[in-house]
Number of protein chains: 2
Amino acid sequence: MSGKPDLEAGRVELAHGGGGRAMTRLIEELFAAAFDNRWLAAGDDAAAFPAPAGRMVMATDSHVVTPLFFPGGDIGSLAVHGTVNDVAMGGGRPLYLAAGFVLEEGFPLADLRRIVGSMAAASREAEVPVVAGDTKVVERGKADGVYISTTGVGVVPEGVAVGGARARPGDRVLVSGTLGDHGVAILSAREDLGFGTELQSDSAPLHGLVATMLEAAPGVRCLRDPTRGGLAAALHELARHSGVGMRIREADLPVREEVRGACEILGLDPLNVANEGKLVAVCPPDAAPALLAAMGGHPLGRAAAEIGKVTADERGFVEMETAFGGTRLVDWLYGEQLPRIC
Amino acid sequence: MSGKPDLEAGRVELAHGGGGRAMTRLIEELFAAAFDNRWLAAGDDAAAFPAPAGRMVMATDSHVVTPLFFPGGDIGSLAVHGTVNDVAMGGGRPLYLAAGFVLEEGFPLADLRRIVGSMAAASREAEVPVVAGDTKVVERGKADGVYISTTGVGVVPEGVAVGGARARPGDRVLVSGTLGDHGVAILSAREDLGFGTELQSDSAPLHGLVATMLEAAPGVRCLRDPTRGGLAAALHELARHSGVGMRIREADLPVREEVRGACEILGLDPLNVANEGKLVAVCPPDAAPALLAAMGGHPLGRAAAEIGKVTADERGFVEMETAFGGTRLVDWLYGEQLPRIC
Ligand SMILES: Nc1ncnc2c1ncn2[C@@H]1O[C@H](COP(=O)(O)OP(=O)(O)OP(=O)(O)O)[C@@H](O)[C@H]1O
Ligand SMILES: Nc1ncnc2c1ncn2[C@@H]1O[C@H](COP(=O)(O)OP(=O)(O)OP(=O)(O)O)[C@@H](O)[C@H]1O
Ligand SMILES: [Mg+2]
Ligand SMILES: [Mg+2]
Ligand SMILES: [Mg+2]
Ligand SMILES: [Mg+2]
Ligand SMILES: [Mg+2]
Ligand SMILES: [Mg+2]
């Protein structure tokens, strides 16, 4: 069957989404070759796998980040981490991923190969294979290079019950590490702000950390990855769903010096900036020490900190004790200062 | 919480994808309101559901159809049917859907509501709820209104084993109804060709038909929905994966008169035109009569027909006995004449 794509110098053609030989060859030589598993090799309309009885979770995210390549990752690795993390925030051990690509006509196949390669590497590292996919092509000017939608399914271990409505007054609030790294890395790549190479996205798969946490403290009540909208949005969402308030301490928020500096220059608050390799956890007070210790012992939780607690406040206010000894309300922003951050 | 979207006169803003109040309100008032189920009401990062032990299937499709509204459906109903059908083609009973939206800044919220409403109706009709979603917004000119990626999971009944590599020489090839309706309906909507209102997309969920078929003939070997690339591409894919040839009879191909006429005017072959509510099935010869009868008894299989058989041909050729008594090879096109058909 002819129609071999030129993965070095070629570009995405409308034919690559046309359902004919060109598409089949592109899927086989680029996508299925990189993701390399028996489900894609079978080429069937749906991927079939054995599943254990029990509770499953499903999560989906579309990715439209710009630029496509940034310090610490690219849209491919991000698309794996983003969805693996939402499955993990549901208490699930991620099992399988599906990925839908919307490609812009004219996009260089070499760039696509790089993206798919990094997606495949992230999927291998996370041990979550991409078992199903889809490839659509739109005309030049109807997309921005590549958009990737990933969906994940996972299984929830017996006894685990996390959910955004489970926070109770008195519970402790913990974060797994420094805040704002992803958003500031994207922004500095976008604007070429020259903050130096130290600023990297924190994009990472969190399911290993979550497994460690649930083992140390099975009573964890809420897990959430503070992505778009940052920590502030995540706390507001939890407060709203649980019908409680939150009170955090500014002095205890882990923020890298470079990120703090960049935020000052850019007029941003690290509380509102997106993360892609961090989580917030809410747990009963007596479970907090063990949970914090378990987090600190995991490579992705080294800078974990207890940052505050859940309050009895039906208005759902999120307050912060400032570094200067006062208290202020943490805003829930209308939009976000940084579009297309993920 | 303020930030209520104006669903009548408003437009999509970048803020609707920003992870703040504007996004939360849009998700609650538009998406979760339309899809209306407890998973979305929970607002968690992942949707959790009980799953039976056994074989599961997963399929994904991104949808970029233009125009967004067409006779017989719109991108919303199509996004449900497309993925439900791929799950069904894996032999699965579809259980849950996830949907990721990429929205273009400035897109009218009233149109979005119409699309989401028709998606919700299709999901209710198919009895497959949308339990997880995602909302991204890109700047004006970086998308074309709305793109929707849907992913479905389902369970495969005990004893069912379908797959594209299972066709054997002598097997019979059946289609569930008329060919080319979807592609020609889209094209006529796009070009305003004035073929009249009779030309409707066949977009429909096929899992009910598949359940009926598998009950009547559990030995069905292959199921495939001839979407992009039409029947020709589906037969070529099956031939390739099974290492066999196919021989079909032009006289037995069900094609509507209007579709045949439109194809002649447009220079298209109904064999290459996309369908969204049809399937091809391959079964052992002795199962064919029962299978055909079962298909004919289902509302979505009324025009079902046996159209040919599987041949021992390692080259994987697809041949057709023409209406004039000759034989010709059925091409596997490089691309497709009709981009963005789904
Ligand atoms: N970008 C991709 N990455 C990995 N696998 C892919 C990709 N695109 C398609 N596939 C896989 O290739 C096979 C064919 O995909 P295709 O989209 O043609 O099937 P389909 O969904 O039945 O057709 P259509 O999209 O026209 O409805 C499937 O097994 C699918 O999972
Ligand atoms: N278009 C939509 N339709 C239905 N549900 C949606 C839609 N968009 C989001 N949701 C649901 O709203 C909730 C919040 O979605 P959101 O995308 O903010 O979460 P997230 O994936 O954790 O964040 P991010 O996308 O920034 O990583 C989830 O329960 C999600 O399933
Ligand atoms: Mg299909
Ligand atoms: Mg997410
Ligand atoms: Mg597809
Ligand atoms: Mg999340
Ligand atoms: Mg499909
Ligand atoms: Mg999301």
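Order of the sequence lines sets the chain letters (A, B, ...), proteins ahead of strands, with each chain counted from 1.
Distance alone, capped at 3.5 Å, is enough to place a donor-acceptor pair between the A/R228 side chain and the B/G17 backbone. Looking at B/D144, its side chain never comes within 3.5 Å of a backbone N or O of A/K142 through a donor-acceptor pair. At least one donor-acceptor pair under 3.5 Å links the side chain of B/D134 to the backbone N or O of A/S62.
Only the backbone of A/A41 comes within less than 4.5 Å of a heavy atom in chain B; its side chain stays farther off. Residue contact with chain B, scored on non-hydrogen atoms closer than 4.5 Å, involves the backbone of A/L97 exclusively. Neither the backbone nor the side chain of B/L26 comes within less than 4.5 Å of any heavy atom of chain A. In this structure, chain B has heavy atoms under 4.5 Å from both the backbone and the side chain of A/D225. Heavy atoms closer than 4.5 Å to chain B are found in both the backbone and the side chain of A/C342. For A/E13, the part lying under 4.5 angstrom from a heavy atom of chain B is the side chain only. For A/A99, the part lying near chain B is the backbone, with the side chain staying farther off; criterion is any non-hydrogen pair under 4.5 Å. Contacts between A/A51 and chain B at a heavy-atom distance below 4.5 Å involve backbone atoms as well as side-chain atoms.
Chain B forms more heavy-atom pairs under 4.5 Å with one residue of A/M23, A/R224, A/R55 than with any other, namely A/R224. Per-residue heavy-atom pair counts under 4.5 Å with chain A were compared for B/G100, B/G154, B/A132, B/A98, and the maximum is reached by B/A98. Contact count against chain B (heavy-atom pairs under 4.5 Å) is highest for A/A22 among A/A42, A/G229, A/A22. Among A/E237, A/E139, A/M58, the residue making the largest number of heavy-atom pairs under 4.5 Å with chain B is A/M58. Chain A forms the most heavy-atom pairs under 4.5 Å with one residue out of B/G91, B/A59, B/A143, and that residue is B/A143. By number of non-hydrogen pairs under 4.5 angstrom with chain A, the leading residue of B/T227, B/T135, B/V87 is B/T135. Heavy-atom pairs under 4.5 Å with chain A were tallied for B/A15, B/G164, B/G54; the largest tally goes to B/G54. When A/K136, A/H241, A/M89 are compared by the number of non-hydrogen pairs under 4.5 Å with chain B, A/K136 comes out ahead. When each of B/L238, B/V64, B/V155 is checked for heavy-atom pairs under 4.5 Å with chain A, B/V64 comes out on top. When each of A/A165, A/A274, A/G90, A/G163 is scored by its heavy-atom pairs under 4.5 Å with chain B, the top score falls to A/G163. Of the listed residues (A/A48, A/P339, A/G141), the one with the most heavy-atom contacts under 4.5 Å to chain B is A/A48.
Counting heavy-atom neighbours within 6.0 Å of A/R93 CZ, excluding the residue itself, gives a total of 12 or less.
In this structure, the side chains of B/V102 and A/V102 stay at 4.5 Å or more apart for every pair of heavy atoms. Taking the side chain as every heavy atom from C-beta outward, A/R21 and B/H236 never approach each other to under 4.5 Å. A/V138 places a side-chain heavy atom less than 4.5 Å from the side chain of B/Y147.
To the nearest 0.5 Å, atoms OG1 (A/T24) and OH (B/Y334) are separated by 11.5 Å. Summarising the geometry, atom CG belonging to A/L338 is positioned 11.5 Å from atom CG belonging to B/L14; distances are rounded to the nearest 0.5 Å.
The pair A/E28-B/R240 counts as a salt bridge, with a side-chain nitrogen and a carboxylate oxygen less than 4.0 angstrom apart.
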